[in-house]
Each structure stands twice: as structure tokens, then as C-alpha cells.
Number of protein chains: 2
Amino acid sequence: MSSSHSEEDPLPTRSLRTGQAVEHMVAVLSEEIVSGQWPPGSRLPAQQIAQRFSVSRTPVREALSQLCAMGLAESRPHRGVITAQVSQADLLAMFEAMAELEAACARLSAQRMTLAERHQLSAMHEGSRDLRASTRSSEYAVFNDAFHSLIYQGSKSDYLIELTLSTRARLAPFRHTQFRVARRPEHSFAEHSEIVAAISAGDAERAAQAVRQHVLSVAHVSSDYVAARSRTGESPCPE
Amino acid sequence: MSSSHSEEDPLPTRSLRTGQAVEHMVAVLSEEIVSGQWPPGSRLPAQQIAQRFSVSRTPVREALSQLCAMGLAESRPHRGVITAQVSQADLLAMFEAMAELEAACARLSAQRMTLAERHQLSAMHEGSRDLRASTRSSEYAVFNDAFHSLIYQGSKSDYLIELTLSTRARLAPFRHTQFRVARRPEHSFAEHSEIVAAISAGDAERAAQAVRQHVLSVAHVSSDYVAARSRTGESPCPE
DNA sequence: CGCCGTTAAATTGCATGCACTTTTGCGAAG
DNA sequence: CTTCGCAAAAGTGCATGCAATTTAACGGCG
């Protein structure tokens, strides 16, 4: 669901391929909201959206509802749905929460990971040495996701994992640029080393602290990037 | 739907007070699921539910969707919606996550609360001395919610607060019995004292640790209670 | 007796049409 | 000029009807 969300439909999609209309609208609209094409606080007229996607109001209603659940929009009582602006402060707050969630996972992982899991984590980290200087930042991003996921799983706490994954998903639009920042993979690798060491040693508090710092450093990189992007007022291809 | 379906609707309560059908169904169904009247894993037939509440499938669909979002049901691809069983292990995992969330709030609160907020927290705690031995457990429950909420707010991290509140809401059905356990308020008060002391002192790690322990002790009380209740197999009146 | 294709049933997603509620624009009364 | 009230407009919730997809049941074939 990442990069190429190619829509080969020049006109309003006649996607009668039942079962994807809502999903499609959510994908398109969320991308547009995140990228700033809908000014924050602007209305999302259900009628027009229905026409644009050539669907009826029922699926639009569902899509808008999901956007609200995702925090990208909000619905006033009887005044329609408007786009919710994600200020830099909001973004930082979300990363902050993410840092705490991942720290909690790391804390529990340090206590609960099996020996095999610790070895796997360590091996995966070592295996990423090569990618540090890779020109293809997406490669490191893929590894990075897997690495963090391993820590989530190690916590053995399903609900915590669920919360962490959903928060990560919610932050995804703002994160996918972080590795384009110069030398970010190197820094990331160094921080991962400390995390692996702490978890391997079973030092819960140290692991938590290391992860917290790591995520917060990502936060600063990303939020600065987003802030800069919004300052330049980019609005590339409307569709 | 077969032919023998009365299309007259004078009998069902004229609850056409638009705007509460979904909410009502969610409330009733969630209560029934939590109380075990729907055996875990049993199907929730949309059709029958629609008839039972005298509504069409559209709002039922919405209600079931919300139940899934609440974790009380799950939807298999094309095999209908079934009630999700919340095992004692699941419950413990949720409390565990709650403990980490609240600990994170406490950590941040210890660092960020204003002096006024610390005093308010302390005052509220002191004010609860009397309620310790109150025979009306609901009174202590109300105070307890307010006390914990104050700590959430002190974190100044909106998204973290949001996560914490929604998790608390999700646990509510299992928590509302905790203060019926003998001498629970006394223990709670003692634990609160440590929390207040740590936050007042600005000792983040100590505050986090104190809250973590406090929530986990609630977890054990509640999950034991639920486990005991499910063993006795209560399933009073089907309707 | 087991395997496979066919058909019936259930589920889902969506379109469309109302009925009701709340906002809001606008003109009249104070 | 402000305030009140009224009526049009917008928003919302729900009913009902299809069409498409999938699962599950059933009977023939190997």
C-alpha cells in the first residue's frame, strides 16, 4: 500500500469491481489530506466526493467515518466533516506516544524474549550493516520495519503490539521520508546497536530508554521534514 | 428474507427517534457479549439482529462494525461476524498494556505537571481518605477515575491521553467490579500515595514504576474476578 | 469410498429514496 | 440597528433492493 498507488483511471473511477470503493477513497483522500491538498479545516462535501468517485453516499459515509477514526478528519454534529489539521505539535505528540509504546515493548522484550529471539534480533541488526550506506533508502526502511516489529513481538503482549502497530500505521505517512535525510541510516544503525545490546543483556530500563531516544530522534527528523515541506507549500499532482 | 415477512411496522416501539439505533444496539450487544450471554465464537447473525431491534441491515452493519473495532467481535472474510472471546490471558495483556500506558503518562506528568497540577493531584488524593472505608464502592470508583485522568492530562501528550482513555474504556466492563473486592480501596489508597509522592518529587522513573505496579495489581484483582465469574457460568436471562 | 464440479444459501457492498433534524440565510418586527 | 422567527438548504440515519462474491451443501464420477 506504499509507494506506487497507481490509479490508471483518468476519469472518475468506474470501479465497479465491487469491494474496494471505500478502501480506495480512504487511500486517496488520506493521501490528499496528509499532503495538504485539502486545507486543514476545510469541508469534505459528501455529495461532491460521491460524484467524484462515482459512488453513492453510503460508501462515502463509510470512508469519511474511517478518516475520522484515523484522526485525519473530524465530524461536527450537523455541520459536515472537515479535514483535521495535524499540526507539528500534534505530530510530535504522536511520536512521543510512539516512543513510549515502543519503549514499553522493548522493556517487556528485554524481560521476555527467548534466547532464540535475542539472537535473531542481533543477527538481523548485524545483517543491516551493509544497508547503512545503501543509496536505496527504501531498503533500509524495509529492514527497519522488520527490526522494530521483532521488538514488538518480543513483548508477548498482544494488545500492546496492536496499539503500537496501529500507531505506527497512523504515523506512516510522515515517516516514509525519514531515510532520505542525509546519513540517517548511519545514525539509526548506531542507535539500534545500543537497543540490541540492552535487550540482549536483559536490561529492561536501558532498553526502554534506548528505544525512547531512538524513536524521538526519528520524530525530530520527520517533523522537521514535514514542517519544512508544509512551509514550501507543496501540492504536486492533484490527481 | 422470505415472503412471509410482515411489511407492517406498527408493533415495534416507534423508536424512530432517529439517531440512536446504532448506539443502542452497540450498548445492548456489548453488554451481552461481555456478560457471556453470547458464547464466545458464536455467530452474530445480522439478519436476526435486524429483526430483533426492528431495524434494517444498514445500522446493524454499522453496529457490528463498531463491535469489531471495540474488540468484542471479529469479522471473518465472508463467514459472518462472530463474538470474540476475551480470555483471561487477553485480559491480562490488555491490563499490561494499560499499565505501560499509564506509566508513560505518569513519567511525563512527573516531568511536566505544573506546580498547580501537582497540588491538585495531591489535594484530590488527600480528599479521598474518607472514601477508603466507604461502603459505597461506586464513590471510590468515581474518585479513582478522576484521579487517574488527572495523571493522563498532566502528560500534556494528547495522543497518549487518547490511547490511554480508549484502552480504559475498553477495559471498563471488566474493571467496574474491582472495588467490590474486600479492602481494595485501602490498598488503592496506599498505592496512590506512592504515586503522588513520586510525581510531586518529579521522579519520573519512580512515578512510572509506581503506576505500573498499581495498575497491575488492579489487573490481578479484576482478572481473577472475571475468571471466577466465568467459571460459575452465569448466563441469566436470554431475553 | 473419496474427489470434484455444480448449485443453493449466506454475506457483502453499494444504489437509491425518504423522513427527520439542525443550520443558516433572510426578511420582518421591535 | 438589532433581534426574532421562518423557511430553504444541508446533513444524517435508516429502509429496501440488487448484484457480485464466496462459502458450503450436494450429487455424480472415478
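All heavy atoms count here, side chains included; hydrogens, waters and symmetry mates do not. Order of the sequence lines sets the chain letters (A, B, ...), proteins ahead of strands, with each chain counted from 1.
When the nucleotides dT23(D), dT22(C), dT12(C) are ranked by their closest atom to the side chain of Arg79(B), dT23(D) comes out on top. Here the nucleotide nearest the side chain of His78(A), chosen from dG11(D), dA15(D), dG17(D), is dG11(D). Nearest to the side-chain atoms of Val55(A) among the listed nucleotides dC18(C), dG11(D), dA15(C) stands dA15(C).
Look at Arg43(A) and you'll find a side-chain N or O under 4.0 angstrom from OP1 or OP2 of dG11(D). The phosphate of dA15(D) has OP1 or OP2 within less than 4.0 Å of a side-chain N or O from Ser56(B). Residue Arg61(B) has a polar side-chain atom (N or O) positioned under 4.0 Å from OP1 or OP2 of dG13(C).
Atom pair Gln20(A):CD and dC14(C):C1' shows a separation of 13 Å (rounding to whole Å applied). Distance Ile49(A) CD1 to dA15(C) P: 14 Å, rounded to the nearest Å. Note: NE2 (His24(A)) to C1' (dG13(C)) measures 16 Å, nearest angstrom. With rounding to whole Å, Gln66(B) atom CD is found 11 Å from dG13(D) atom P. If you take CG of Leu64(A) and C1' of dC14(C), they are 15 Å apart, rounded to a whole angstrom. The distance between atom CE of Met25(B) and atom P of dC14(D), rounded to the nearest whole Å, is 7 Å. A straight line from CD of Glu62(B) to C1' of dT12(C) spans 15 Å, rounded to a whole angstrom.
Side-chain N or O atoms of Asn144(A) include none that pairs as donor or acceptor with a backbone N or O of Ala141(A) at under 3.5 Å. Under a 3.5 Å cut-off, the side chain of Arg112(A) and the backbone N or O of Ser155(A) do form a donor-acceptor pair.
The base of dG11(D) is not paired with the side chain of Arg76(A) by any donor and acceptor separated by under 3.5 Å.
Side chain to side chain, Ser128(A) and Tyr140(A) fail the donor-acceptor criterion of an N or O pair below 3.5 Å.
Sequence order on DNA chain D of the closest nucleotides to Thr58(A) and Gly80(A) puts Gly80(A) first from the 5' end.
With respect to Tyr152(A), the side chain to side chain contact (heavy atoms under 4.5 Å, CB included) criterion is satisfied by exactly one of Leu101(A), Leu163(A), Leu165(A), Leu160(A): Leu165(A). Each of Arg52(A), Met70(A), His24(A), Gln37(A) was checked for a side chain to side chain contact (heavy atoms under 4.5 Å, CB included) with Leu29(A), and the lone residue meeting it is Arg52(A).
Residue-level contact check: Pro45(A) touches neither bases nor backbone, having no heavy atom under 4.0 Å from any strand.
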